[in-house]
Amino acid sequence: MIKKFLFSSLIAICTLSTAFAQTKTKETGKELTDPDNLASQYFSQVMGVAVDATSNLKLYKFVYEWIGTPYSFGGNTKKGIDCSAFTKAIYDKVFNTTIRRNSRDIFSMVDPLSKEDLKEGDLVFFKIKSRSISHIGIYLGDNRFAHASSSRGVVISNLNEPYYSRYFYKGGRILESFKKDFTVE
């Protein structure tokens, strides 16, 4: 209920800012109406990600709407969802790209990356107490990633937390060939 109120307040603020507020940009000195700037600031505060890392508002809105959804192995609804279904839903709705259903199969669709090369929207893979990939999330920026945690449901965590740092395997970016082959039109 509080999330809905906060989100409604954000929408109202953005709408009012569009109608009444004008900001001056430092680069040009021109007046601009910029509701996306307010939304970026809001999501950066709520999710703990730097404002300059929040370029994809659709991604942050999607994650925000799912925060707190309980974990359910094999689940794919707001009643319960697992990590790979959550990631698949993000790619379907935010990036209009269909990816496979489990973390190991998804890893076969990516160009592996180190932590240092991750960008917003990339995937992060973990080998948690296993020799094979057993967990997946989506990178948001500033070492933060969204995922469906088996103990806390959909949350935002930090790759530098000892637990995630210990089990981090690799990052990954969906290969262009898979985007073309699997993209839903």
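Taking S103 as the reference, I133, I136 meet the side-chain contact (heavy atoms from CB on, under 4.5 Å) condition, with sequence neighbours excluded. With sequence neighbours left out, the ring-ring contact (aromatic ring centres under 6.0 Å, His included) criterion links Y91 to F95. Considering only residues two or more places apart in sequence or on other chains, R101 meets the salt bridge (Lys or Arg N to Asp or Glu O under 4.0 Å) condition with D82. Partners of N160 by side chain to side chain donor-acceptor pair (under 3.5 Å), not counting sequence neighbours: none found.
The other residues sharing a hydrophobic cluster with F73 are Y71, where clustering joins ILVMFWY side chains under 4.5 Å apart.
In the hydrophobic clustering of this structure, V124 does not group with M109; members are Ile, Leu, Val, Met, Phe, Trp, Tyr whose side-chain heavy atoms approach within less than 4.5 Å, directly or through other members. In terms of hydrophobic clustering, with Ile, Leu, Val, Met, Phe, Trp and Tyr side chains grouped at heavy-atom distances under 4.5 Å, V94 and Y139 are assigned to different clusters. Linking Ile, Leu, Val, Met, Phe, Trp and Tyr whenever their side-chain heavy atoms come within less than 4.5 Å puts L140 and F125 in one cluster.
Taking 4.5 Å as the limit, some side-chain heavy atom of I138 sits within range of a side-chain heavy atom of L59. Within the 4.5 Å cutoff, the side chain of H147 has heavy atoms near those of the V155 side chain.
For the atom pair CG of D142 and CG of L118, the computed distance is 12.0 Å after rounding to the nearest 0.5 Å. Atom OG1 of T69 is separated from atom CD1 of I81 by 7.0 Å, given to the nearest 0.5 angstrom. In this structure, the separation between OG1 on T97 and CG on D92 is 8.5 Å, given to the nearest 0.5 Å. Going from atom CZ of R104 over to atom OG of S84 covers 9.5 Å, rounded to the nearest 0.5 Å. The structure places CG of D111 at 10.5 Å from CD of E176, a figure rounded to the nearest 0.5 Å. Atom NZ of K88 sits about 8.0 Å away from atom CD1 of I106, to the nearest 0.5 Å.
Ring pair Y64/Y60: centre-to-centre distance not below 6.0 Å. Ring to ring, Y164 and F145 are close: their centroids are under 6.0 angstrom apart. Note: Y169 and F126 fail the aromatic proximity criterion, with ring centroids not under 6.0 Å apart.
Y163 places no side-chain N or O within 3.5 Å of a backbone atom of Y167 that could act as its donor or acceptor partner.
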| field | Residues I67, I156; criterion side chain to side chain contact (heavy atoms under 4.5 Å, CB included); working and verdict | value | CA-CA 8 Å; I67 294 286; I156 295 171; 3.9 Å; yes

| field | side chain to side chain contact (heavy atoms under 4.5 Å, CB included) between W66 and K78, worked out | value | CA-CA 7 Å; W66 282 80; K78 288 204 177 179; 3.6 Å; yes

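Side-chain contact annotation: D105 with S108, donor-acceptor N/O pair under 3.5 Å absent.
Residue-environment remark: NZ (K115) exceeds the threshold of 12 foreign heavy atoms within 6.0 Å.
Listed by first and then second residue, the salt bridge (Lys or Arg N to Asp or Glu O under 4.0 Å) pairs that reach into residues 146-174 are D122-R173, sequence neighbours excluded.
Closest approach of I128 and S134 over heavy atoms only: N-OG, 2.9 Å.
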